[in-house]
Amino acid sequence: AQSVSQHNHHVILSEAASLELGCNYSYGGTVNLFWYVQYPGQHLQLLLKYFSGDPLVKGIKGFEAEFIKSKFSFNLRKPSVQWSDTAEYFCAVKDQTGANNLFFGTGTRLTVIP
Amino acid sequence: EAGVVQSPRYKIIEKKQPVAFWCNPISGHNTLYWYLQNLGQGPELLIRYENEEAVDDSQLPKDRFSAERLKGVDSTLKIQPAELGDSAVYLCASSQTGYGADTQYFGPGTRLTVL
């Protein structure tokens with residue numbers, strides 16, 4: 001079965017700092033990859049997704065992620081964070097076979113200090 | 001466009017009591033998912049429906065959990081009887097289909113506390 005690892009449990013940054021959140025997955029076949037964000041008190045929202053094509057994916061609010069197949073990674077980046085980016089970030093993988101269900105990582109809590 | 005609707009948002013019950021959660025997916029979405037999210041963890045799939053058919057319920061603890069999706073629209077997830085360890089957030093999500101490039105859209109969840 002697929003698994004997703006997010007090694008950073010809690011990241012604290014000052015505003016304007018650059019962000020990179022790690023995500024590694026275990027499945028070796030064709031995968032679809034996602035980053036979801038959960039702002040305080042809100043529901044999970046899609047930030048960006050990768051299905052095929054350009055491995056550098058741009059999402060909403062200035063976020064991007066790069067799919068590196070050889071490293072089984074899909075790290076999330078943002079060049080300059082804002083206080084409003086404080087949230088929980090979840091990486092997820094969906095395989096192209098079987099049930100096509102989403103497997104989530106444990107999440108990374110980002111706190112941005114003004 | 002209305003998103004995924006769930007109710008109630010919060011529920012507090014005593015152990016051994018039954019509880020039910022309701023979900024209304026986005027209009028036109030044939031696939032519906034129920035997830036369990038424990039504190040400090042990512043969501044874990046409990047069951048997936050394609051229209052009214054449960055196509056994947058392998059992670060649903062069938063001794064106490066049940067779900068239905070009559071008429072292929074709304075869905076109800078039930079726990080009977082609830083145990084202390086069931087305290088968690090129960091998320092509902094929907095997508096147009098369960099395959100390919102579809103994105104899952106999540107509801108706000110129901111936070112269950114079992115005392």
Side-chain angles (χ1 to χ4, degrees), chain A residues 1-10 21-26 30-54 57 59-60 74 76 87-110, chain B residues 1-10 21 23-26 29-50 53-60 67 88-111:
Chain A
Q2 294 84 352
S3 67
V4 178
S5 297
Q6 292 183 248
H7 302 295
N8 311 108
H9 297 294
H10 189 190
L21 301 182
C23 173
N24 290 92
Y25 61 93
S26 65
T30 302
V31 291
N32 302 149
L33 295 156
F34 305 77
W35 275 98
Y36 279 84
V37 61
Q38 189 167 28
Y39 297 104
Q42 297 188 27
H43 60 276
L44 278 165
Q45 302 171 39
L46 182 69
L47 263 183
L48 48 79
K49 62 183 179 182
Y50 171 80
F51 277 79
S52 63
D54 189 344
V57 180
I60 60 172
F74 190 56
L76 181 70
E88 188 101 23
Y89 292 81
F90 293 94
C91 182
V93 61
K94 182 170 78 167
D95 68 272
Q96 294 280 41
T97 62
N100 289 315
N101 298 319
L102 277 180
F103 296 89
F104 283 86
T106 54
T108 297
R109 180 152 48 110
L110 172 66
Chain B
E1 178 185 283
V4 177
V5 179
Q6 291 187 247
S7 69
R9 293 292 309 277
Y10 304 91
F21 314 124
C23 173
N24 180 245
I26 293 173
H29 282 192
N30 296 322
T31 307
L32 184 146
Y33 313 77
W34 282 103
Y35 287 87
L36 165 70
Q37 186 176 17
N38 286 304
L39 187 65
Q41 301 294 316
E44 299 172 34
L45 182 72
L46 287 172
I47 189 169
R48 178 170 70 105
Y49 282 92
E50 295 289 344
E53 182 183 0
V55 296
D56 186 350
D57 63 355
S58 57
Q59 301 304 311
L60 190 72
V89 176
Y90 292 83
L91 298 169
C92 180
S94 70
S95 63
Q96 287 190 316
T97 72
Y99 304 93
D102 282 342
T103 297
Q104 293 184 27
Y105 296 87
F106 285 80
T110 296
R111 182 177 296 277

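Chain A is the first sequence line, chain B the second, and so forth, proteins listed ahead of strands; every chain is numbered from 1.
- Residue B:Y10 places its OH atom among 12 or fewer non-hydrogen atoms of other residues, nucleotides or ligands, all under 6.0 Å distant.
- Enclosure of atom CG in B:L39 is not indicated, since only 12 or fewer non-hydrogen atoms of other residues, nucleotides or ligands lie within 6.0 angstrom.
- By the ring pair (Phe, Tyr, Trp, His ring centres under 6.0 Å) test, A:Y36 is found to be paired with A:F104, B:F106, residues two or more places apart in sequence or in another chain being considered.
- Atom-to-atom distance recorded for A:K94:NZ and B:Q104:CD is 6.5 Å, nearest 0.5 angstrom.
- Counting non-hydrogen atoms of neighbouring residues, nucleotides and ligands closer than 6.0 angstrom, the CD atom of A:E88 exceeds 12 such neighbours.
- Interface remark: A:Q38 contributes side-chain atoms only to the contact with chain B (heavy atom separation under 4.5 Å).
- Neither the backbone nor the side chain of B:E44 comes within less than 4.5 Å of any heavy atom of chain A.
- Atom OG1 of residue B:T103 and atom CG of residue A:L46 lie 5.0 Å apart, to the nearest 0.5 angstrom.
- Considering only heavy atoms from C-beta on, B:Y35 comes within 4.5 Å of A:L102 through its side chain.
- Applying the side chain to side chain contact (heavy atoms under 4.5 Å, CB included) criterion to B:D57, with sequence neighbours excluded, gives B:I47, B:L60, B:K62.
- When heavy atoms are compared at a cutoff of 4.5 Å, A:L44 approaches chain B by way of both its backbone and its side chain.
- Annotation for B:G42 and A:F90: closest pair CA-CE2, 3.6 Å, computed over non-hydrogen atoms.
- For the atom pair OG1 (A:T106) and CG (B:N38), the distance works out to 12.5 Å, reported to the nearest 0.5 Å.
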